[in-house]
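Below is one structure, written out as structure tokens; the observations come after it.
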Amino acid sequence: MHSKILHICLVFLLSFICFSSADAQVWTGDDNHQPKYETRAVWLTTLNGLDWPRHRGYGIASEEIQKAELCRILDQYQQLNINTVILQTRVRGAVIYPSRFEPWYDAFTGTSGRAPTYDPLQFCIEECHRRGLELHAWVVCIPLGKVADQKRYGREGILRRRPELCKTVGKDAFMIPGNPATADYIAAICREIAERYDVDGISLDYIRYPEKEFKFSDNNLYRGPSYGLADWKRENITRIVRRIHDEVKAVKPWIKLSSSPIGKYANVSRYSAGGWNCYTAVFQDPRLWLREGWQDMLFPMMYFQGNNFYPFLYDWQENSYGHPIVPGLGIYFLDPREGRWQLPQVRAEMHAARNSEIGGIAFYRSDFLTRNVKGLADCCRSEFFSRPALTIPMKWMPGYNTPVSVPSAFSHQPGLLSWQGDAYCYNVYGSNEYPVDCSRAENLVAARVLTNRLELTGRAAGFRFYAVTAQNRYGLESEPVQQPAPALSADHSHLNVSYLINRDLKGQKKSKKKKRK
């Protein structure tokens, strides 16, 4: 605990130093402490086309414009070594794919319920995977938006099709957590996504009771007195999470289930959550979800600064139950229209998240990263994400230990690597020392390669030797296949001596094992 307090103090000191200079420059050196495993995520919003698509319309021409928009965004992510995209898939009682349950969201065609000429979810999955990015389907659970917007869907909308699951409060509509059928309905949507699409994750948003200002209540369904009203509400939300887990994992157990809870679980010692927290304000219990294995990871919305950020960051880290927790940073506050944050404040929070080894960093939302607001993208490129990283492996899942065969027939031709194997994906490592040490983060040059070849461009082309590992859907890597050993010359150069030593050490270990047998 003392080390955590020291971490907090150091971060506060860093923050003070950064904030004291409005003209602080972005450090341009390479961060040698970048980890091999780190989730680097961005929320890609489709609500009102805030991030994508900016162009609405129907027909092939509009489709091509929208596809080009997305590819430009994903190219930027790839250049920044982002590895996870959280795509808003269920928006507000409407979706961005052809569904049995809900109508099309209007962001693509401009008309509620009208299908575009392509499947945006499928296209995004394919383009993310082509670039080595994970795609997590972002599902908004409880709010249904404005009643007027829902009415535009007519009889296809949830207010008409499943009125027993909905409640309107003034101009707003919500699903009813206290109705057990709500859990079945949302879980059915998540199962549909899992069955039909090769998503890497499903991430739940607004998996909570509405804020007090909405004056929403489903207390009329409470029967008591076996447990209190607050516990009943928490169980209502937990029931949805548990039901989604059971449905999705039955289809594809490797899909990562996550949610975006409020950024503060509850009050911590000496620091108040200010009344805005998971447990008592909106009746979420994400710690329970992790402990029971109903969630694989969390993306808490930590859109705060100072004492409202750092103590709660370490509170999450100390109660993670061995799962990654990826703090979501409110980078939209960098935009003068949204807030008054400065880049050094975000940098300090990124350093704190990395140094805590909590699991990674997430950005809300995409546009503020891709527009490089206040130099954030430059900072990521030079200071934090100058090299690729693998997402956190799912060691807690039984399928993690599924054996992975070592790739074979490895070949290094000028500008091209190739190999053979039937694994889900491959990771490529490069070094100027032989053999390539695949445990070192700085040697990773390409992650989640879905083919059996890699063209060597940019940083990946700058090494003498390469190795490839196979990886299963849970993140377990095989032993590496190395390119053929370099020819030994008479002068016994440093390279050759290193190779001989490594070869002899391995030989000694094998001979000792044989003697024991």
So does D335 pair up with R340, basic N to acidic O under 4.0 Å?
no

Report yes if the side chains of Y185 and I158 come closer than 4.5 Å at any heavy-atom pair, otherwise no.
yes

Do R92 and E102 sit within salt-bridge range, that is, some charged N less than 4.0 Å from a carboxylate O?
no

Check whether any side-chain N or O of R196 sits under 3.5 Å from a backbone N or O of P98 as a donor-acceptor pair, and report yes or no.
yes

For the side chain of E127 and the backbone of L70, is there at least one donor-acceptor N/O pair under 3.5 Å apart?
no

When you compare the side chain of I193 with that of V139, does any pair of heavy atoms fall below 4.5 Å?
yes

Side chain of Q284, backbone of I237: donor and acceptor closer than 3.5 Å?
no

How many angstroms lie between atom CZ of R365 and atom CG of L50, to the nearest 0.5 angstrom?
4.5 Å

Worked check of salt bridge (charged side-chain N to carboxylate O under 4.0 Å, His left out) between K256 and E134
CA-CA 10 Å; K256 296 176 182 177; E134 289 190 4; 2.9 Å; yes

For a salt bridge (charged side-chain N to carboxylate O under 4.0 Å, His left out) check, start with the C-alpha distance between K249 and D296, then their side-chain angles and the critical distance, and finish with the verdict.
CA-CA 11 Å; K249 294 293 187 179; D296 295 303; 2.8 Å; yes

Say whether S258 and S203, considering side chains only, have a donor N or O and an acceptor N or O under 3.5 Å apart.
yes

Heavy-atom count around E292 CD within 6.0 Å, excluding the residue itself: above 12?
yes

Working note: N372 + D378, criterion side-chain hydrogen bond (donor to acceptor under 3.5 Å, both in side chains); need CA distance, chi angles, decisive distance, verdict.
CA-CA 7 Å; N372 195 26; D378 294 337; 3.0 Å; yes

Just by distance, no angles: are the side chains of W289 and T238 close enough, under 3.5 Å, to form a donor-acceptor pair?
yes

Note: R131-E126 ion pair, threshold 4.0 Å (strictly below):
no

Interatomic distance, K212 atom NZ to W276 atom CH2 [nearest 0.5 angstrom]
10.0 Å

Before we go on, tell me: are the rings of F309 and F304 under 6.0 Å apart, centre to centre?
no

Is there a donor-acceptor contact under 3.5 Å from the side chain of S386 to the main chain of E383?
no

Between R40 and E38, does any side-chain N to carboxylate O distance fall below 4.0 Å?
yes

Go through N277 and T280 one step at a time and tell me if the side-chain hydrogen bond (donor to acceptor under 3.5 Å, both in side chains) criterion holds.
CA-CA 6 Å; N277 64 72; T280 61; 3.0 Å; yes

Hey, does the side chain of R90 reach the backbone of V140 with a donor-acceptor pair shorter than 3.5 angstrom?
yes

Donor on one side chain, acceptor on other, Q345 and Q305, under 3.5 Å
yes

Give a yes or no on whether the ring-centroid distance for Y265 and Y279 is below 6.0 angstrom.
yes

Lys/Arg-Asp/Glu bridge criterion (N-O < 4.0 Å) met for K167, D172
no

Give a yes or no on whether the backbone of L343 and the side-chain of K374 come within a donor-acceptor separation of less than 3.5 Å.
no

Could you walk me through whether L390 and N83 pass side chain to side chain contact (heavy atoms under 4.5 Å, CB included), step by step?
CA-CA 7 Å; L390 302 180; N83 56 27; over 6 Å; no

Minimal non-hydrogen separation, I244 against A187, with atom names
CG1-CA, 3.8 Å

Under the side-chain hydrogen bond (donor to acceptor under 3.5 Å, both in side chains) rule, what do N179 and E164 come out as? Steps first, then yes or no, please.
CA-CA 8 Å; N179 186 337; E164 75 280 8; over 6 Å; no

Given 3.5 Å as the limit, does a donor-acceptor pair link the side chain of E69 with the main chain of R54, or not?
yes

For W294 versus V241, what's the shortest heavy-atom pair and its separation?
CB-CG1, 4.0 Å

Check ion pair D184-R243 (N to O, under 4.0 angstrom):
yes

Answer yes or no: is there an ion pair linking K171 with D149, defined by an N-O contact shorter than 4.0 Å?
no

Looking at T182 and P180, would you say the former's side chain and the latter's main chain have a donor-acceptor pair under 3.5 Å?
no

Between R291 and D285, is there a salt bridge with N-O shorter than 4.0 Å?
no

Using modelled atom types and a 3.5 Å cut-off, is there a donor and acceptor pairing between side-chain atoms of E318 and backbone atoms of D315?
no

Looking at Y474, does the NZ or CZ of K395 lie under 6.0 angstrom from its six-membered ring centre and within 45 degrees of the ring axis?
no

Option passing side-chain hydrogen bond (donor to acceptor under 3.5 Å, both in side chains) with D200 (candidates H129, K252, H136):
H129

Do F174 and L144 have side chains that get closer than 4.5 Å, going by heavy atoms?
no

Between atom CD1 of I82 and atom OG1 of T370, what is the distance when rounded to the nearest 0.5 Å?
11.0 Å

Just how far is it from atom CH2 of W232 to atom CG of N219, taken to the nearest 0.5 Å?
6.0 Å

Can Y206 and S260 be counted as having a side-chain donor-acceptor contact under 3.5 angstrom?
no

Would you verify whether the NZ or CZ of R473 falls within 45 degrees of the ring axis of Y424 while also being under 6.0 Å from that six-membered ring's centre?
yes

Indicate yes or no for a side-chain donor-acceptor contact from W52 to the backbone of D367 under 3.5 Å, with no hydrogens or angles considered.
no

Under a 3.5 Å cutoff, is there a donor and acceptor pairing between the side chains of D51 and T45?
yes

Residues C124 and L74: closest non-hydrogen pair is O-CD1, 4.5 Å

Is there a side-chain hydrogen bond (donor to acceptor under 3.5 Å, both in side chains) between Y400 and N472 once you walk through the steps?
CA-CA 8 Å; Y400 172 77; N472 67 16; over 6 Å; no

Distance under 6.0 Å and angle within 45° of the ring axis: does K264 meet both against F312?
yes

How would you list, by chain and number, every residue that makes a side chain to side chain donor-acceptor pair (under 3.5 Å) with S99, sequence neighbours excluded?
E192

Do Y303 and Y364 have ring centroids that are under 6.0 Å from one another?
yes

Quick one: CG on D106 to OG1 on T46, what's the gap to the nearest 0.5 Å?
10.0 Å

Would you sort out whether L313 and I325 count as a side chain to side chain contact (heavy atoms under 4.5 Å, CB included), showing the intermediate values?
CA-CA 9 Å; L313 173 75; I325 296 180; over 6 Å; no

Which residue pairs pass the ring pair (Phe, Tyr, Trp, His ring centres under 6.0 Å) test with at least one member in residues 78-107, sequence neighbours excluded?
Y97-Y197

In short, I262 meets C278 closest at the heavy-atom pair O-SG, 3.2 Å

C141 SG to R208 CZ distance, which is reported to the nearest 0.5 Å
10.5 Å

Could you tell me how the ring of F299 sits relative to the ring of W43: parallel (under 30°), tilted (30 to 60°) or perpendicular (over 60°)?
perpendicular

